[in-house]
Structures are given as C-alpha cells and as structure tokens.
Participant: 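Starting off with a structure, shown below.
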Amino acid sequence: MSVERIPAHFYAQSTIDLAKALIGNYLVHFLNGELLVGRITETEAYLGVLDRACHSYGRKQTKRTRILYEDPGHVYTYTMHTHCLLNVVAERSGQPEAVLIRGIEPVCGIEKMESLRGKSAQDKQFANGPGKLTQAMGISMNAYGESFIDGPLYIGYNGQKNGAPVATRRIGIENTGQAKYFPFRFIENK
DNA sequence: GTAACGATTTCCT
DNA sequence: GGAAATCGTTACT
C-alpha cells in the first residue's frame with residue numbers, strides 16, 4: 001500500500017479548516033520498517049490565544065508549548081495521565097494553534113497495532129480516543145518537535161474522502177469556562 | 001524543592 | 001454514569 005504524503009501547504013490553513021480537512025485522511029507512521037496507517041475519524045481544533053482550553057491560551061509560552069509557535073506541520077505531543085496526545089500545529093508561525101487527533105480507524109499494519117495496543121482491532125474501543133490512538137500507532141514523546149512534512153510520521157492523502165465532517169461540542173474540558181461550548185470537535189459524517 | 005493540576009482511560013456500581 | 005488511577009509539567013515558596 002502506498003500513501004501519498006500531503007505537502008507542506010496543507011497545514012498552512014486556518015485551524016478549523018485543517019481540523020475538518022484531516023477527517024477521512026490517513027495518519028501514517030513508519031515505525032521500525034513497518035507502515036502503520038489509520039484513517040482519521042475525529043479531530044478537535046484548539047485556537048490558542050482565544051481558547052481557554054488550549055495550552056497556549058493568552059499567548060502563554062512554556063518549554064512544552066513553544067512548538068505551537070513554530071511553523072505549521074510540526075508534531076506536538078503532550079503527556080497526560082500517562083497517555084500521549086497527538087497534535088498537528090496549524091495556521092502559521094507565531095500563531096499558537098493546533099489540531100488534536102482524537103480518533104482513528106486501523107487500516108494498515110493492524111497486527112502491529114494490536115500488539116502495541118494490547119487489544120483486538122475488532123474492538124470499537126480500539127483507537128477511538130486521543131491516548132488510545134497514540135498507543136496503537138506507537139507514537140510517544142519521541143515524536144515531539146518532528147515534522148509531518150519530512151518525518152517518519154505524516155498525514156497521507158486519501159483520494160476518496162467522505163461527506164462533510166460533523167461539528168460537535170467538545171468534551172473533557174469542563175473547567176475551562178465558555179470555551180467548552182465551542183463546536184470545534186469534528187467527527188466523520190457516516 | 002514542593003504542591004497542584006490536567007486536551008484521559010479504565011474499572012466499578 | 002461516576003470515581004479512581006497516576007505522573008509529567010507548571011506554578012509557587
């Protein structure tokens with residue numbers, strides 16, 4: 001199976017558009033000579049400065065979040081409750097916005113994923129969460145700061161896209177004021 | 001150096 | 001549906 005890597009300009013669009021555009025495309029990880037491919041089914045936009053739920057709210061900058069201020073197309077991984085979350089830096093340099101990959105469906109390298117995840121790919125709970133998919137794809141903090149444009153981890157173009165993604169309210173961020181009502185979470189329209 | 005918090009997952013009731 | 005687990009990063013003394 002060959003998956004065409006999406007070029008750099010793809011990432012240089014608004015965070016919302018990027019979040020929608022990612023749905024239906026492939027998340028690809030070249031790991032130890034094996035190709036792991038998952039179809040992206042769920043994403044979430046984090047609008048940095050305006051978004052209280054985001055680590056870069058108010059242009060806050062720390063060691064961990066500085067990658068958000070770099071050029072779009074970078075990999076931003078974040079450790080949470082012993083789990084690793086995967087983000088795609090969007091917009092443009094100096095604009096700390098990113099898209100969180102929240103869910104995938106295994107496509108290629110399934111046996112390897114099952115081994116990494118320790119669960120059957122038949123299970124609907126296999127990779128339907130931010131921490132689960134990073135485990136299934138073998139993604140860790142090692143990926144922090146890499147680029148989707150020329151690294152072992154990248155987004156692959158899927159010729160046959162599905163219908164328009166559905167926007168929903170976000171979840172899991174109850175303590176972030178009004179930001180939790182923003183419809184910035186996108187799921188595949190089935 | 002120490003304390004508090006969190007973009008989650010999983011298990012229990 | 002609700003609570004505990006669990007640990008790196010952040011913020012504060």
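All values below were derived from every heavy atom in this structure, side-chain atoms included, with hydrogens, water molecules and symmetry-related copies excluded. Proteins come first, then strands; the chains are lettered A, B, ... in the order of their sequence lines, and each starts at number 1.
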Participant: Out of curiosity, does A:I110 fall in the hydrophobic cluster containing A:I139 (side-chain heavy atoms, cut-off under 4.5 Å, transitive links)?
Facilitator: no
Participant: Quick one: do the A:Y11 and A:Q13 side chains pair a donor with an acceptor below 3.5 Å?
Facilitator: no
Participant: With sequence neighbours left out, write down each residue that passes side-chain contact (heavy atoms from CB on, under 4.5 Å) with A:V89, or none if nothing qualifies.
Facilitator: A:L68, A:H74, A:Y76
Participant: Quick check for you: to the nearest 0.5 Å, what is the distance between A:E105 atom CD and A:Y26 atom OH?
Facilitator: 10.0 Å
Participant: Identify, with sequence neighbours excluded, every residue that meets side-chain contact (heavy atoms from CB on, under 4.5 Å) alongside A:M141.
Facilitator: A:R64, A:T77, A:T79, A:C84, A:Y144
Participant: Set out, line by line, the N/O atom pairs under 3.5 Å between protein and nucleotides 10-13 of chain C.
Facilitator:
unit_1: C:dT10; atom_1: OP1; unit_2: A:T62; atom_2: OG1; d: 2.4

Participant: Identify the two heavy atoms, one from A:L133 and one from A:L27, that lie closest to each other, and give their separation to 0.1 Å.
Facilitator: CD1-CD2, 3.9 Å
Participant: A side-chain contact here means heavy atoms from C-beta on lying under 4.5 Å apart; do A:V28 and A:I155 qualify?
Facilitator: no
Participant: Taking side-chain contact (heavy atoms from CB on, under 4.5 Å) as the definition, give me every residue that meets it alongside A:Q122, ordered by chain and number, with sequence neighbours left out.
Facilitator: A:S120
Participant: So, using side chain to side chain donor-acceptor pair (under 3.5 Å) as the criterion, who are the partners of A:S115 when residues are at least two apart?
Facilitator: none
Participant: For Watson-Crick and G-U wobble pairs within 3.5 Å on both distances, what is DNA chain B written in dot-bracket notation, | included for inter-strand pairing?
Facilitator: ||||||.|||||.
Participant: If you check the A:Y46 side chain, which of C:dG8, B:dG6, B:dA7 turns out closest?
Facilitator: B:dA7
Participant: Does NZ or CZ of A:R5 come closer than 6.0 Å to the centre of the six-membered ring of A:Y154, within 45° of the ring's axis?
Facilitator: yes
Participant: List in chain and number order the residues that pass side chain to side chain donor-acceptor pair (under 3.5 Å) with A:N128, two or more places apart in sequence or in another chain; answer none if no residue qualifies.
Facilitator: A:K132
Participant: According to a strict under-4.0 Å criterion, is A:R185 in side-chain N/O contact with OP1 or OP2 of B:dA7?
Facilitator: no
Participant: NA contact type, A:L100, heavy-atom cut-off 4.0 Å: base, sugar-phosphate, or nothing?
Facilitator: base
Participant: Could I get the full list of side chain to side chain donor-acceptor pair (under 3.5 Å) partners for A:T82, not counting sequence neighbours?
Facilitator: none
Participant: Rounded to whole Å, please give me the gap between CE in A:M80 and P in B:dG6.
Facilitator: 8 Å
Participant: Return the residues of residues 130-146 of chain A meeting this criterion: a heavy atom under 4.0 Å from some atom of DNA chain B. Order them by number, or give none.
Facilitator: A:P130, A:G131, A:K132
Participant: Check each residue of residues 110-128 of chain A for a non-hydrogen atom within less than 4.0 Å of any atom in DNA chain B, then write out the ones that pass by number, or none.
Facilitator: A:R117
Participant: Let me know the distance between NE2 of A:H81 and P of C:dA4, rounded to the nearest Å.
Facilitator: 12 Å
Participant: With the criterion being N/O to N/O and under 3.5 Å, what pairs connect the protein with nucleotides 1-4 of chain B, and how long is each?
Facilitator:
none

Participant: Residues in side-chain contact (heavy atoms from CB on, under 4.5 Å) with A:S14, at least two apart?
Facilitator: A:I16, A:D17, A:E91
Participant: Tell me yes or no: between the side chains of A:E97 and A:T15, is some donor less than 3.5 Å from an acceptor?
Facilitator: yes
Participant: Can you check salt bridge (charged side-chain N to carboxylate O under 4.0 Å, His left out) on A:E114 and A:K119, steps first, answer last?
Facilitator: CA-CA 5 Å; A:E114 288 180 326; A:K119 282 213 158 83; over 6 Å; no
